[in-house]
Protein chains: 2
Amino acid sequence: MGSRWGINRTVGQIYALIFVAPKPLHADDIADALEFSRSNVSIGLKELQAWRLVKLKHLAGDRREYFEAPQDVWEIFKSLAEEKRRREVEPTLSMLRAALVETPGSEADAHAQKRMQQMHELIDLSSTWFDDVQRLSPETIARLMRMGSSVKTVLDMTDKLKVVTGRKTKSN
Amino acid sequence: MGSRWGINRTVGQIYALIFVAPKPLHADDIADALEFSRSNVSIGLKELQAWRLVKLKHLAGDRREYFEAPQDVWEIFKSLAEEKRRREVEPTLSMLRAALVETPGSEADAHAQKRMQQMHELIDLSSTWFDDVQRLSPETIARLMRMGSSVKTVLDMTDKLKVVTGRKTKSN
DNA sequence: TTGAGTTTTCAGCAATTACTGAAAATTAAG
DNA sequence: CTTAATTTTCAGTAATTGCTGAAAACTCAA
């Protein structure tokens, strides 16, 4: 289920187990529950740590390493998005930028650059936007989301207000 | 580059070529340009059609099938999101729902359900929201995005207005 | 209806990715 | 320092996924 987030099946299973568990787990718990080899679990946990999806906990009087998932699901979502951005989005943007500074050698090249420019703009805009939104309080985000498409009405209303009071709109 | 959208390397390359090309291409063009076997290209194109990322075009006086990418990048983004939703998000939500109607057999089960409930809410909320936003005009979306986090100010302002005029807010 | 041009299918091979067990490394208590 | 508990590494193997060429199927013009 949902192995399309850049992590593979087993790592996903390990994460799911940690996510639903009522208390932190250690590697043997996991290997035991899922019937994976101990080494497989070790690698999986490393990967989950790299994605910052699990937190390492040391329990008093126990040398073993315990892992747990953040309690707040929105937190999880943010980590995932951040890592995905760092690993995939940013490298893509860099490559596009590199291609855009080349001098086009033909009509076709020039056209390709135009297309890459469009793609760059879209990706850049979305990721910057996501970054911004991420910084809002969870409540504000929830409010924004619950509004759905009626956000348009609010934007329109705001524009009108600004016109009336003689202020310039931010957009355009 | 960006093979994490659920399509593999070769399919990605095929798409990139079609995307930047100034005019529609046919399968042999692609096989030739990328040095893939004809069958590989055929399969790749099938997949791109399934994702609705390329459009089939029949050119007059030529029996071959030509393919091109939508001109509007936002269109591309929407197709991708829609398909991803249909293929990954919806099945995930169904599985979560199925797990949520089970009667928990233990404390641990009950806790697991609580967690799954949280996850379901988050995913459901985000995907419904995306659906809603998708229906806005490209300009409205662009405006919303360019606003970034200052959208909060607008929401706050709106709330105030509603209080003054005695109307209930939509949120909460 | 035939056949040339074109696309699709698929069995077999290649490449990649994932998993295991055993051994090595690390860690902390005694 | 030693030792036992624990984690990590890694070579070998298993499983999965991707690619190819050849043959089959399709399609349209004549």
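Please read these numbers as outputs of a predicted model, since none were measured by experiment. Order of the sequence lines sets the chain letters (A, B, ...), proteins ahead of strands, with each chain counted from 1.
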Enquirer: With distance as the sole test, does B:Arg85 use its side chain to make a donor-acceptor pair with the main-chain N or O of B:Ser127 at under 3.5 Å?
Expert: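 Confirmed, B:Arg85 side chain pairs with B:Ser127 backbone.
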
Enquirer: Treat primed atoms plus P, OP1 and OP2 as sugar-phosphate and everything else as base, then score nucleotides 12-30 of chain D 5' to 3': B for base contact with protein heavy atoms under 4.0 Å, S for sugar-phosphate contact only, - for none.
Expert: ------SSBB-----BB--

Enquirer: Can you tell me how far P of C:dG5 sits from CG of B:Leu59, to the nearest Å?
Expert: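 My rounded result for the distance is 19 Å.
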
Enquirer: Between B:Thr140 and B:Ser137, do the side chains contain a donor N or O and an acceptor N or O under 3.5 Å apart?
Expert: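 Yes, B:Thr140 and B:Ser137 have a side-chain donor paired with an acceptor closer than 3.5 Å.
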
Enquirer: Whole-Å distance between C:dT20 C1' and A:Asp32 CG?
Expert: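 That distance rounds to 16 Å.
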
Enquirer: Suppose we screen for side chain to side chain contact (heavy atoms under 4.5 Å, CB included). Which residues come up paired with B:Leu34, at least two apart in sequence or across chains?
Expert: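 Applying side chain to side chain contact (heavy atoms under 4.5 Å, CB included) to B:Leu34 gives B:Gln13, B:Ile14, B:Leu17, B:Ile30, B:Phe36.
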
Enquirer: Calculate the interatomic distance between A:Phe67 atom CZ and D:dT6 atom P; express it in whole Å.
Expert: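 Distance, rounded to whole Å: 14 Å.
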
Enquirer: Look only at the side chain of B:Ser42 and the backbone of B:Arg38, and say whether a donor-acceptor pair between them is shorter than 3.5 Å.
Expert: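 Flag not set: sc B:Ser42 to bb B:Arg38 has no pair under 3.5 Å.
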
Enquirer: Okay, side chain of B:Ser37, backbone of B:Asn40: is any donor-acceptor separation there less than 3.5 Å?
Expert: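 Present.
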
Enquirer: Would you kindly give the CD-to-C1' distance between A:Glu47 and C:dA18, to the nearest whole Å?
Expert: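 Going from A:Glu47 (CD) to C:dA18 (C1'), I get 11 Å.
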
Enquirer: Between atom CG in A:Asp62 and atom P in C:dT27, what is the gap in whole Å?
Expert: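 Rounding to the nearest Å, CG of A:Asp62 and P of C:dT27 are 17 Å apart.
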
Enquirer: What's the OH-C1' distance between B:Tyr66 and C:dG5, to the nearest Å?
Expert: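 Taking OH of B:Tyr66 and C1' of C:dG5, I get 13 Å after rounding.
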
Enquirer: Output every pair passing side-chain hydrogen bond (donor to acceptor under 3.5 Å, both in side chains) with a member in residues 112-125 of chain A, not counting sequence neighbours, ordered by first then second residue.
Expert: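 Checked against side-chain hydrogen bond (donor to acceptor under 3.5 Å, both in side chains) - neighbours excluded - the pairs reaching residues 112-125 of chain A are A:Arg97-A:His120, A:Arg115-A:Gln118, A:Gln117-A:Glu121.
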
Enquirer: Starting at CG of B:Leu48 and ending at P of C:dT8, how long is that distance when rounded to a whole Å?
Expert: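 After rounding, the gap between these two atoms is 13 Å.
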
Enquirer: Let me know the distance between CG of A:Asp28 and P of C:dG21, rounded to the nearest Å.
Expert: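 In whole Å, C:dG21 P and A:Asp28 CG are 14 Å from each other.
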
